[in-house]
Amino acid sequence: MSGTIGFIGLGVMGEPMCRNLAEKSGRKVQAFDMRPEPLERLAAAGVRAAASAEEAGRDAEVVFLSLPAGPQVEAVVRGLLPSLRAGQVIVDTSTAPVALERQLSAEAGAKRAAYADAPVARTRAAAEAGTLSITVGAEPDVYAAIEPLLRCMGSDVLHCGPVGCGQVVKLMNNMVLFETVVALAEAMAVARRAGVDEALLLEALGNGSADSFALRNHGMKAMLPRAFPEAAFPTDYAIKDVTYALDLAAEMGVEARGARLAREILERSSAAGQGGAYFPALIRLIDGEV
């Protein structure tokens, strides 16, 4: 692949992802966002500002999406469909419902275009560094074509199967993460009230069988110092992701009670004023701080 890249959606993750593509791929990149500020910043990396999502995708060989949720993905893809050409590839790096991705893939396929879901995981810092984890759902030939571009943005890129499978893996990752953060919050609240320092508890858990990425990152870097910035992965986004996971579980005939409890706690955290805060802020609810 050597043609132009389109990029639609320049939010917390999309902007650094687009920058990495422009700086590492050796390809021309044209991008669109509803806000002018990220486009102004990306101009320094050679990214051309498009006037609309349709313009960003019209002449591009590959079109990347980085959008908040399923409704935005559906709206943008349906806007692209009328001008979609044979051989173009849409790569959705958002987190969206599995069934929606498969439906949009079928509609793109009717235009002889290809579709891949490639949701990203890890933090904004990882997006800046190009060290995201990316799980991909695509046909093997499509994956082979887009893998070099994905590696401009991610250090761990995994082909999970046909379209939709990237979202399955991403949603299960997030489901486990949310449940783990709830468990950490409960353990920290119990230990502190029982006379054990929270930092000591997390050190001990990290030395034992309860160690995890969530403990070392969400626990030690956010929950322990009670640092929940608005510009990180917010509670309301977490609710969206766990809802997609629960919808998939129901479709597969799995009750997923732990995930239901995690969603309930996240919803209560949001109702208590933490909707825009980094989602580990749920410890404030569990520990009676809000």
Side-chain angles (χ1 to χ4, degrees), residues 8-15 17 33-35 64-78 91-104 117-124 126-127 132-135 137 160 163-182 185 214 217-218 222 228-252 254-286:
I8 301 169
L10 304 171
V12 170
M13 304 296 276
E15 181 180 346
M17 290 164 62
D33 193 88
M34 295 180 68
R35 300 161 301 129
F64 285 90
L65 313 180
S66 179
L67 300 166
Q72 291 85 359
V73 171
E74 182 173 13
V76 168
V77 173
R78 294 204 190 285
V91 183
D92 181 23
T93 70
S94 322
T95 301
V98 174
L100 174 64
E101 299 282 41
R102 289 173 173 165
Q103 176 60 36
L104 295 175
D117 60 300
V120 301
R122 297 183 179 146
T123 61
R124 180 184 174 88
L132 291 166
S133 171
I134 307 176
T135 53
C160 301
V163 172
C165 290
Q167 295 290 356
V168 172
V169 175
K170 168 66 186 294
L171 292 173
M172 293 304 98
N173 174 85
N174 283 13
M175 185 176 80
V176 171
L177 172 62
F178 302 146
E179 293 181 49
T180 304
V181 169
V182 169
N217 288 272
H218 301 77
F228 309 113
E230 295 281 324
F233 187 39
T235 298
D236 288 343
Y237 276 29
I239 293 168
K240 177 260 298 183
D241 283 11
V242 74
T243 297
Y244 290 163
L246 283 165
D247 289 345
L248 180 62
E251 185 181 346
M252 297 300 109
V254 176
E255 191 171 359
R257 286 177 288 181
R260 286 212 317 267
L261 175 60
R263 180 172 66 178
E264 176 192 335
I265 292 170
L266 287 163
E267 288 173 339
R268 288 170 54 202
S269 179
S270 179
Q274 309 300 305
Y278 188 32
F279 80 89
L282 62 81
I283 192 173
R284 290 171 169 165
L285 177 77
I286 288 174

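In what follows, residues are counted from 1 in the order of the sequence shown.
- Within 6.0 Å of atom OH in Tyr278, more than 12 heavy atoms from other residues, nucleotides or ligands are found, so the atom counts as buried in its surroundings.
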key: Residues Leu266, Leu282; criterion side-chain contact (heavy atoms from CB on, under 4.5 Å); working and verdict   = CA-CA 6 Å; Leu266 287 163; Leu282 62 81; 3.7 Å; yes
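- Here the shortest heavy-atom pairing between Leu285 and Ile265 reads CD2-O, 3.6 Å.
- The side-chain heavy atoms of Ser66 and Gln72, taken from C-beta on, include no pair separated by under 4.5 Å.
- In this structure, Phe228 and Ile283 have side chains that are in contact, with non-hydrogen atoms separated by less than 4.5 Å.
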message = The test is side-chain contact (heavy atoms from CB on, under 4.5 Å); show your working for Leu100 and Gln167 and say whether it passes.
response = CA-CA 10 Å; Leu100 174 64; Gln167 295 290 356; over 6 Å; no
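- The minimum heavy-atom distance linking Asp117 with Gly164 is given by the pair OD1-N, 2.7 Å.
- The aromatic rings of Phe178 and Phe279 sit perpendicular, their planes meeting at an angle over 60°, well past the 30° parallel limit.
- Summarising the geometry of Gln274 relative to Arg284, their closest heavy-atom pair is OE1-NH1, 2.6 Å, with the distance given to 0.1 Å.
- A 6.0 Å sphere centred on CZ of Arg35 holds more than 12 heavy atoms belonging to other residues, nucleotides or ligands.
- Of all the heavy atoms in Ala259 and Val242, the pair that sits closest is O-CG2, 3.8 Å.
- Side-chain atoms of Arg102 come within 3.5 Å of backbone N or O of Val163 as a donor-acceptor pair.
- Residues Lys240 and Pro68 share a closest heavy-atom pair of NZ-O, 3.0 Å.
- Two residues are said to be in side-chain contact when any heavy atoms from C-beta on lie closer than 4.5 Å; Thr93 and Ile134 fail this criterion.
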task = Walk me through it: do Thr135 and Lys170 pass the test side chain to side chain donor-acceptor pair (under 3.5 Å)?
result = CA-CA 7 Å; Thr135 53; Lys170 168 66 186 294; over 6 Å; no
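- For the pair Asp247/Pro97, no side-chain contact is recorded, criterion being any heavy-atom separation below 4.5 Å from C-beta on.
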task = Take Asp241 and Met175, measure what side-chain contact (heavy atoms from CB on, under 4.5 Å) needs, and give me the verdict at the end.
result = CA-CA 8 Å; Asp241 283 11; Met175 185 176 80; over 6 Å; no
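- Residues Pro234 and Gly276 approach most closely at CB-O, 3.6 Å, considering heavy atoms.
- Proximity of Thr235 to Glu267: side-chain heavy atoms (C-beta onward) are nowhere separated by under 4.5 Å.
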